[in-house]
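The structure appears below as structure tokens.
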Amino acid sequence: MHKFLRAVGFSNLKKKDLEIITEEIIEHPDLMKVTRDSEGNEFAELSKMYGSNMGITIRGSYDADDNFCMDYYFPFAFADELSTNEQIDIEKHADKESYAGVCDEMRLGVTLIFYLQNVADFLSEHRHNIHVKGLHGALLSGLSVDGKIILPIQQKVLEKQAANHKQEKRNRLIAEAREGNEEAIESLTLEDMNTYNSISRRIRKEDVFSIVSSSFMPYGIESDHYCILGEILEVEEITNSLTNEKIYSMKIECNDIIFKVVINKEDLLGEPAVGRRFKGSIWMQGTVCI
């Protein structure tokens, strides 16, 4: 049973229930895409919605008698806003016909890796080359089974503008440092040292979440799992059309990156609201712009 099924409203499924659901998706999919995989075999992607832009996708192939043979399934939540416009490299997973997107997003401070949602679209365009570089842009979303709501940091307008200006300057320095600019590298090193010294002094008297407004860090052993802390920009409560479970869909701003986070109401501690912050672990997914 997939761990993140509960994030889209399937928290109490048994194996028999899942078999019924997968059969229904195969018989009556809302979205169906058929193409050829990297080895020239038929590849089918069937999806069914159980709420606003969320549901389950099944991937597999059709046999000679037109019967569908499922390889694997996964829950999904589609985002509706571009999260990054950086270059995306696509890499195939070793064990099955699934793919990961890899992006050097300098605003996050780490290499962003996400589970590719629109594999059929990608294969239709690039199946002859499974290691594709040069695509730009992705719509990102995260599924979560563990999260909590915490209060925001109180900032004056001028302080927020100064922080945004500082972040823009840092992004420029990072871009220059990547090109080999030694002055930019030195400036970033000094800035990191000053930041470390400032935090070391403040942490003695203040809580860490009153100092750090947002964060984005790898989590666990899975390359596309992250622990995030970000501000809630929008909140929507969704009801799973099959199980009637309540789901929160939140637009999150984290390290200047905006993406969607979907979590079961039962797995979220606290009441989400615009301006508050979400802290939790997520499985990052994304639709790359083809």
Side-chain angles (χ1 to χ4, degrees), residues 1-35 37 41-79 92-100 114-121 123 141-147 219-225 236-250 260-269 280-287:
M1 200 74 70
H2 201 292
K3 174 183 177 181
F4 289 92
L5 276 174
R6 63 182 298 112
V8 296
F10 296 99
S11 60
N12 298 309
L13 282 186
K14 295 180 173 57
K15 186 176 180 180
K16 185 177 180 181
D17 298 328
L18 182 59
E19 290 175 353
I20 295 173
I21 290 173
T22 54
E23 288 176 5
E24 174 66 18
I25 296 172
I26 293 169
E27 292 295 326
H28 305 286
D30 293 327
L31 298 172
M32 178 179 178
K33 298 176 182 179
V34 181
T35 184
D37 64 18
N41 302 312
E42 187 182 65
F43 177 87
E45 193 174 70
L46 312 179
S47 302
K48 193 169 184 65
M49 302 291 186
Y50 291 98
S52 177
N53 289 328
M54 70 175 195
I56 297 175
T57 291
I58 296 176
R59 289 175 179 159
S61 60
Y62 287 93
D63 61 20
D65 297 324
D66 205 29
N67 296 315
F68 185 80
C69 302
M70 184 178 72
D71 288 338
Y72 64 95
Y73 72 94
F74 67 94
F76 69 84
F78 290 143
K92 183 179 182 299
H93 292 140
D95 59 336
K96 55 190 175 184
E97 197 69 27
S98 62
Y99 293 78
F114 59 88
Y115 191 84
L116 187 63
Q117 294 173 326
N118 58 331
V119 168
D121 295 334
L123 289 174
S141 59
L143 301 186
S144 178
V145 293
D146 178 29
Y219 176 78
I221 62 174
E222 299 284 349
S223 59
D224 50 11
H225 289 202
E236 180 185 6
E237 185 176 296
I238 303 170
T239 301
N240 184 298
S241 60
L242 186 63
T243 64
N244 291 323
E245 293 185 24
K246 303 297 182 181
I247 309 298
Y248 283 127
S249 174
M250 298 173 285
K260 176 187 286 188
V261 171
V262 172
I263 185 171
N264 195 304
K265 187 175 182 179
E266 296 299 320
D267 294 328
L268 183 63
L269 179 62
S281 56
I282 64 169
W283 174 36
M284 186 66 82
Q285 303 179 343
T287 299

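Only a predicted model underlies this, so the values are computations on that prediction, with no experimental measurement involved. Starting from 1, each residue takes its place in the sequence as its number. Atoms considered below: every heavy atom in the structure, side chains included; atoms not considered: hydrogens, waters and symmetry mates.
At a threshold of 4.5 Å between non-hydrogen side-chain atoms, the residues Ile56 and Leu5 count as touching. Counting only heavy atoms from C-beta outward, the side chains of Leu13 and Ile21 approach each other to under 4.5 Å. Looking only at side-chain heavy atoms (C-beta outward), Phe74 and Trp283 come within less than 4.5 Å of each other. Here the side chains of Glu97 and Lys92 are in contact, with some heavy-atom distance below 4.5 Å. Contact of the Leu242 side chain with the Phe10 side chain is registered, since non-hydrogen atoms from C-beta on lie closer than 4.5 Å. When side chains are defined from C-beta on, Met54 does not count as touching Phe78, because their heavy atoms never get closer than 4.5 Å. Residues Arg6 and Asn12 form no side-chain contact, since every pair of their non-hydrogen atoms from C-beta on lies 4.5 Å or further apart. Side-chain contact between Leu46 and Thr57 is absent, with no heavy-atom pair separated by less than 4.5 Å.
For the residue pair Ala44 and Val34, the shortest heavy atom distance occurs at CB-CG2, 4.1 Å. The minimum heavy-atom distance linking Ile238 with Gly51 is given by the pair CG2-CA, 4.0 Å. Closest of all the heavy-atom pairs between Leu143 and Ala77 is CD2-CB, 3.7 Å.
Put simply, the side chain of Asp63 gets close to the backbone of Asp65: a donor and an acceptor are under 3.5 Å apart. With hydrogens and angles ignored, the 3.5 Å screen pairs no side-chain donor or acceptor of Ser144 with any backbone N or O of Val262. Looking at Asp267, its side chain never comes within 3.5 Å of a backbone N or O of Asn264 through a donor-acceptor pair. In terms of modelled atom types and a separation under 3.5 Å, the side chain of Tyr73 and the main chain of His2 share a donor-acceptor contact. For the pair Gln285 (side chain) and Pro75 (backbone), a donor-acceptor distance under 3.5 Å is present. Asn240 places a side-chain N or O within 3.5 Å of a backbone atom of Val8 that can act as its donor or acceptor partner.
Few gaps surround CD on Glu42; more than 12 heavy atoms of other groups in view lie less than 6.0 Å from it. Counting non-hydrogen atoms of neighbouring residues, nucleotides and ligands closer than 6.0 angstrom, the NZ atom of Lys96 exceeds 12 such neighbours.
If you take OG1 on Thr243 and CG on Asp17, they are separated by 11.0 Å, rounding to the nearest 0.5 Å. Put simply, CD on Glu266 and OH on Tyr248 are 9.5 Å apart, with the number rounded to the nearest 0.5 Å. Once rounded to the nearest 0.5 Å, the distance linking OH of Tyr50 with OG1 of Thr239 reads 15.5 Å. One finds the OG atom of Ser98 at 5.0 Å from the NE2 atom of His93 (value rounded to the nearest 0.5 Å). Separating the CE atom in Met284 from the OG atom in Ser141 is a distance of 8.0 Å, to the nearest 0.5 Å. Between the OG1 atom of Thr35 and the CG atom of Leu123 there is a distance of 6.0 Å, given to the nearest 0.5 Å.
Taking the side chain to side chain contact (heavy atoms under 4.5 Å, CB included) definition, one finds that Ser223 meets it with Ile113, sequence neighbours left out. A search for side chain to side chain contact (heavy atoms under 4.5 Å, CB included) contacts involving Asp146 returns Ser281, not counting sequence neighbours.
Using cut-offs of 30° and 60° for the angle between ring planes, the Tyr62 and Phe68 rings count as perpendicular.
For residues 20-33, the salt bridge (Lys or Arg N to Asp or Glu O under 4.0 Å) pairs, not counting sequence neighbours, are Asp30-Lys48, Lys33-Asp121.
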Q: I would like to know whether Val119 and Arg59 meet side-chain contact (heavy atoms from CB on, under 4.5 Å); could you show each step before the answer?
A: CA-CA 10 Å; Val119 168; Arg59 289 175 179 159; 3.3 Å; yes
Q | Worked check of ring-ring contact (aromatic ring centres under 6.0 Å, His included) between Tyr115 and His225 | A | CA-CA 10 Å; Tyr115 191 84; His225 289 202; 9.9 Å; no
Q) Yes or no on side-chain contact (heavy atoms from CB on, under 4.5 Å) for Ile58 and Thr22, after CA distance, side-chain angles and deciding distance? A) CA-CA 8 Å; Ile58 296 176; Thr22 54; 3.7 Å; yes
Q: For side-chain contact (heavy atoms from CB on, under 4.5 Å), just list the numbers for Phe43 and Glu45, CA-CA rounded to whole Å, side-chain angles, deciding distance to a tenth of an Å, and then say yes or no.
A: CA-CA 7 Å; Phe43 177 87; Glu45 193 174 70; 4.3 Å; yes
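Inspection of the Gln117 and Thr287 side chains reveals an N or O donor paired with an N or O acceptor under 3.5 Å. Checked by atom type, the side-chain pair Ser11/Glu245 shows a donor-acceptor distance below 3.5 Å.
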